[in-house]
Q: 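Take a look at the following structure, please.
Numbers restart at 1 for each chain; the letters A, B, ... are given by sequence-line order, proteins then strands.
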Number of protein chains: 2
Amino acid sequence: MSVRRLCLAMLSEGDATGYEIRKEATSGCFSYFEDASYGSIYPALAKLEKEGLVTMREEKQPGKPARKVYSITQTGRDALLDMLREDLPPDIYRSPFLLVAMSAEQVGGKAIRRAIDLQIEQTRHKLQQLSELKSRITDKPLNRGILWGINYGIDCMIQKIGYLEANRAELEAIADGDGNGSQPQAAAPVQTPQAAE
Amino acid sequence: MSVRRLCLAMLSEGDATGYEIRKEATSGCFSYFEDASYGSIYPALAKLEKEGLVTMREEKQPGKPARKVYSITQTGRDALLDMLREDLPPDIYRSPFLLVAMSAEQVGGKAIRRAIDLQIEQTRHKLQQLSELKSRITDKPLNRGILWGINYGIDCMIQKIGYLEANRAELEAIADGDGNGSQPQAAAPVQTPQAAE
DNA sequence: CTGACCATGTAACCCGTTACATGATTCT
DNA sequence: AGAATCATGTAACGGGTTACATGGTCAG
């Protein structure tokens with residue numbers, strides 16, 4: 001049900017081909033919290049068309065396979081709204097990195113350093129993607145909800161990077177097997193103003 | 001491969017039954033970034049035993065089905081280390097909530113408010129779980145890597161709640177369809193010191 | 001007595017990924 | 001020349017969830 005939802009949501013912002021939807025999902029506005037491969041998108045679009053939630057027109061281009069441009073229908077819009085208003089499965093976060101971090105003592109300093117480096121690098125990469133996207137759409141007459149979402153993602157990633165940089169030393173010490181007990185117990189958060197609750 | 005890894009990681013902290021592993025995955029230390037159901041755990045444990053990565057002993061209890069307590073073997077420990085050191089698929093975040101948020105204009109204020117409330121509530125709930133867990137293990141001779149991971153999760157959730165509370169008004173305004181152009185463009189982050197990069 | 005918790009397991013199903021199949025065009 | 005981008009699609013496979021099957025204990 002998730003790829004369906006994603007396709008409808010994207011088409012509600014404008015017509016697109018399966019190829020374009022995949023690109024958006026992988027590196028566009030939605031890439032922070034969604035992803036999908038061709039193998040799921042193409043069948044989903046075909047089914048949505050069969051059900052009348054989207055329509056398709058073929059744009060022939062010499063040499064290349066014809067582009068199949070999909071448009072959402074009113075029925076599709078209604079169905080999307082229903083999905084968005086009714087069922088909201090909770091967010092999901094899966095982190096192999098944290099599993100490694102929690103096993104720091106066993107894994108050792110070298111692997112931990114590599115894992116942290118990778119983690120920061122990946123986060124930086126996504127952050128940059130989103131930042132570019134943002135600068136490209138800011139002040140255009142584009143959907144302001146999307147801008148809000150992008151800002152949310154950017155904030156999360158900045159915070160994440162900051163936390164990792166501020167606290168990596170402690171984790172590395174654990175991984176290196178320092179016998180001491182002088183850990184900065186609360187793991188001194190990057191910043192701690194009032195922050196909720 | 002993920003449930004295998006999870007089972008081994010948990011067993012490396014101490015013996016456990018399938019039931020206990022599931023509980024930990026759902027509401028324990030690992031629950032912030034992992035999850036698994038019986039339907040995947042029991043078969044995984046059986047297979048791990050067949051492969052010699054864990055051993056099992058049955059503890060009979062009158063009336064109840066015998067507890068099957070699993071222990072990790074040295075081979076299992078080695079295999080776990082290999083997994084943790086070598087392959088590290090990137091973290092995954094999936095957020096139906098953000099899809100709704102990005103569709104704010106279509107979805108409308110009422111639904112947005114509900115979605116935000118739910119999101120905050122769920123995050124608060126998880127935060128409380130982790131906080132309790134933390135206070136229960138702090139200063140015990142327990143794995144300090146795990147404590148680090150818990151602190152990481154706690155920080156992320158506090159920050160998330162703070163961001164949602166600070167910026168919900170803006171999203172609600174978008175959803176309510178205010179025609180104005182006086183948005184707090186940068187969506188005033190809860191705090192913005194230097195923060196990385 | 002009802003619901004939550006303990007405790008195990010299987011089978012059907014779902015949703016998605018990976019790999020394959022095909023092929024032109026444009027950038028380096 | 002080789003890689004990347006455009007462009008569609010299918011089939012095999014995988015990993016997990018949900019629902020089912022079973023049943024005792026304990027607290028409210």
Side-chain angles (χ1 to χ4, degrees), chain A residues 1-8 10 15-28 30-31 33-51 54 56-70 83 87 89-96 99, chain B residues 1-8 10 15-28 30-31 33-51 54 56-70 83 87 89-90 92-94 96 99:
Chain A
M1 286 268 123
S2 193
V3 170
R4 278 169 77 77
R5 199 168 51 196
L6 180 64
C7 288
L8 285 178
M10 284 191 178
D15 296 357
T17 66
Y19 187 86
E20 286 161 354
I21 288 179
R22 198 263 173 159
K23 223 179 101 189
E24 268 295 295
T26 298
S27 57
F30 298 76
S31 64
F33 61 90
E34 293 279 1
D35 199 8
S37 58
Y38 295 130
S40 57
I41 290 172
Y42 286 124
L45 286 172
K47 207 182 159 206
L48 287 170
E49 197 207 350
K50 211 170 54 190
E51 294 167 353
V54 304
M56 185 265 283
R57 94 191 92 100
E58 266 185 51
E59 283 178 7
K60 278 166 199 147
Q61 358 173 59
K64 288 180 203 166
R67 280 161 54 86
K68 294 192 172 178
V69 182
Y70 291 89
M83 288 180 198
D87 97 308
D91 290 10
I92 286 171
Y93 179 53
R94 291 294 115 90
S95 178
L99 197 66
Chain B
M1 284 270 125
S2 192
V3 170
R4 277 169 77 78
R5 198 169 50 195
L6 180 64
C7 288
L8 285 178
M10 285 193 176
D15 296 357
T17 66
Y19 187 86
E20 285 162 354
I21 287 179
R22 199 266 173 157
K23 224 179 99 190
E24 268 293 296
T26 297
S27 56
F30 298 75
S31 63
F33 61 90
E34 293 279 1
D35 199 7
S37 60
Y38 296 130
S40 57
I41 290 171
Y42 285 124
L45 286 172
K47 207 180 158 206
L48 286 170
E49 198 207 349
K50 212 171 53 189
E51 296 167 352
V54 304
M56 186 265 284
R57 94 194 92 101
E58 264 184 53
E59 282 179 9
K60 276 165 202 150
Q61 353 175 63
K64 288 180 203 164
R67 282 161 50 89
K68 294 191 171 177
V69 182
Y70 291 88
M83 287 179 199
D87 98 307
I92 287 171
Y93 178 53
R94 290 295 115 91
L99 197 65

Q: Rounded to whole Å, how long is the line connecting atom CZ of B:Arg94 with atom C1' of D:dG16?
A: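 So the two atoms are 15 Å apart, to the nearest Å.
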Q: If you take all heavy atoms of A:Gly18 and A:Tyr42, which pair is closest and at what distance?
A: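 Between these two residues, the closest heavy atoms are CA-CE2, 3.8 Å.
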Q: With a cut-off of less than 4.0 Å, is there a side-chain N or O of B:Gln61 near OP1 or OP2 of C:dA7?
A: yes
Q: Could you give the angle between the helix axes at the two ends of the helix from C:dC1-D:dG28 to C:dT28-D:dA1, with five pairs per end, rounded to 10 degrees?
A: 50°
Q: Please state how far atom CD1 in A:Ile41 lies from atom C1' in C:dG16, giving the value in whole angstrom units.
A: 11 Å
Q: Looking for any heavy atom pair under 4.0 Å, which part of the strands does A:Ala66 touch: base, sugar-phosphate only, or nothing?
A: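 Sugar-phosphate only.
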Q: Check salt bridge (Lys or Arg N to Asp or Glu O under 4.0 Å) between A:Glu58 and all other residues, then give those that pass, not counting sequence neighbours.
A: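 For A:Glu58, no residue satisfies salt bridge (Lys or Arg N to Asp or Glu O under 4.0 Å) once neighbours in sequence are set aside.
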Q: Counting only side-chain N and O atoms of B:Thr17, is one of them less than 4.0 Å from OP1 or OP2 of C:dT8?
A: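 Looking at the OP1 and OP2 atoms of C:dT8, one of them is under 4.0 Å from a side-chain N or O of B:Thr17.
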Q: Kindly point out which of C:dC6, D:dG16, D:dT17 is positioned nearest to the side chain of B:Ser37?
A: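 Output: D:dT17.
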Q: Is there any protein nitrogen or oxygen under 3.5 Å from a nitrogen or oxygen in nucleotides 9-11 of chain C, and what are the pairs?
A:
residue: C:dG9; atom: OP1; partner: B:Lys68; partner atom: NZ; Å: 2.1

Q: Of the options D:dG16, C:dG16, C:dC6, whose atoms approach the side-chain atoms of B:Lys23 most closely?
A: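 Nearest nucleotide to the side chain: C:dC6.
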Q: Please tell me if the side chains of B:Lys68 and B:Thr17 come closer than 4.5 Å, counting only heavy atoms from C-beta onward.
A: no
